[in-house]
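Predicted model, so just to flag it, every value in this text is computed and none were measured. Letters A, B, ... are given to chains in the order of the sequence lines, protein chains preceding strands, and every chain is numbered from 1.
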2 protein chains.
Amino acid sequence: MSHFPNHFEENYLKALYKLQRKEIKKVNNIALAKYMELNPATVLEMVRKMADRGLVEILPDKTIQLTSQGEKKALLVIRKHRLWEVFLVEKLDYSWSEVHDLAEQLEHIQSEDLTNRLEAFLEFPAADPHGDPIPDKNGKLRTAAAINLLEGKTGKTYMVKSFGETADSFLDYLAKLSIRPGTLLRVLEWNAYDNSGSIEINNAIIQLSEKVAGNIFVQLHTT
Amino acid sequence: MSHFPNHFEENYLKALYKLQRKEIKKVNNIALAKYMELNPATVLEMVRKMADRGLVEILPDKTIQLTSQGEKKALLVIRKHRLWEVFLVEKLDYSWSEVHDLAEQLEHIQSEDLTNRLEAFLEFPAADPHGDPIPDKNGKLRTAAAINLLEGKTGKTYMVKSFGETADSFLDYLAKLSIRPGTLLRVLEWNAYDNSGSIEINNAIIQLSEKVAGNIFVQLHTT
DNA sequence: ATATATAATTTGGCTAACCAAATTTTATTA
DNA sequence: TAATAAAATTTGGTTAGCCAAATTATATAT
Ligand SMILES: [Mn+2]
Ligand SMILES: [Mn+2]
Ligand SMILES: [Mn+2]
Ligand SMILES: [Mn+2]
């Protein structure tokens, strides 16, 4: 009987969740192994165990996918991680750049009740010190309210959520720029003269007028 | 490379420290194994490793003894354990009877700095919720001030430390009752009528007058 | 001093999480 | 399509912490 089954499992779950969220590519065994800095044989073995436990599904094309149960568990680990980070910064005066490794230890403490009390003690923070949202006790990540792209901060990446205008001419223009819900936009600069923005999209740089940017609603995107 | 070397080692250290403190008997392999609910072969193996690491000494008569280094480490684990217990009770509103098992997990978090910040955050508590003193950052256990036996609480066990009277008649009387420094006394009841106490000593029950009890100084004894 | 109980130690084995080095698929690309 | 690259899988092996069952050594009691 192993002593720390959860510790390992939780790290695999988190890794899988992180990789999956990038949705750039399907997550395969090699990618997971690389990300976790482990040997592919090791990872394959563990992934199979987790499949038996119903946490993961191995699709016909060998893609590794979290089941809804697995995803929930992953989010509950992330919840713990982020709550502890808040604790470290808010209560123990750590700076936000120091807390990740400590949270990596604390996230494995096993007690739902403790986690919930910690959350209450911290007065239900919405996000961790890095701005990442904290899943609720059911593992639900309530999506942050979308903001106007004009409010986007220089250097940050945002995901397009919706638009504030339905005119065909507007939508056609967006289509021409390949902007649609889900598109990632990085704010490079706001130009003071006309409030237009320099935006990076798919490695290209485009200019958006104030009027256009003001009708694009986005959310902060964290890698 | 094992992932949790400290976790195991710390539990052995703590067990050894606890057993050693009873000082009833020398700690041998069997006793340690029984206390930890492990097989003697397992314990012997580990104890030898810890001897190599300089944490433990195996005396010629096979007694297992913490080295000063080992004792310090044990006390630092106990420090973490008790600080986390204070945190759980003071900040997360747990009752003192619920916190031990959680602290058993939290005591293994590795970060001296975190421990020290936690201590500061809790405003340097002298004792944990069960009244046990908290070692300082050097693993030094400052002995709690002795209290008058009259202040002893019903049900608690105290160790005799010193006396407030040197008259021969007093000391002779104590001798007759087998009370000397180191003796354990359990307060069963304080009798309101004459402030005398019913005290358990070596499985016998004796009565101590207010005058006698008032000249016995004790300290809380924790098993 | 001998029998007997207790403690210490050895031996052989288990499991979980890991790795390196094949080998076998499965994709890509020419 | 044949050659090649990449991914998946298998095989054999390691280590730490654990156990059961022998064996050997040391006490204890008669
Ligand atoms: Mn983090
Ligand atoms: Mn972790
Ligand atoms: Mn405790
Ligand atoms: Mn412990």
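In this model, a side-chain donor or acceptor of A:N39 finds a partner on the base of C:dA20 within 3.5 Å. A donor-acceptor contact under 3.5 Å is not formed by the side chain of A:N29 with the base of D:dA7.
Proximity note for A:M46 (side chain, C-beta onward) versus C:dA8, D:dC18, C:dA17: the nearest is C:dA17. Among the nucleotides D:dG17, C:dA7, D:dT10, the one closest to any side-chain atom of B:I30 is C:dA7. Among the nucleotides D:dC19, C:dA17, D:dT10, the one closest to any side-chain atom of A:F8 is C:dA17.
Distances shorter than 4.0 Å separate none of the side-chain N or O atoms of B:Y12 from OP1 or OP2 on D:dA16. Phosphate proximity of C:dA17 to A:T42: absent, as no side-chain N or O sits under 4.0 Å from OP1 or OP2. In this structure, B:R48 does not reach the D:dG17 phosphate: none of its side-chain N or O atoms is under 4.0 Å from OP1 or OP2. Put simply, A:K62 has a side-chain N or O that comes within less than 4.0 Å of OP1 or OP2 on D:dT9.
Taking 4.0 Å as the cut-off between side-chain N and carboxylate O, A:R117 and A:D113 count as a salt-bridged pair. With salt bridges taken as basic N to acidic carboxylate O contacts below 4.0 Å, none links A:E119 and A:K137.
Shown here for B:S178 and B:T183, the closest heavy-atom pair between the two residues is O-OG1, 3.5 Å.
Relative to the six-membered ring of B:F121, B:K91 meets both conditions, a distance below 6.0 Å and an angle of at most 45° to the axis.
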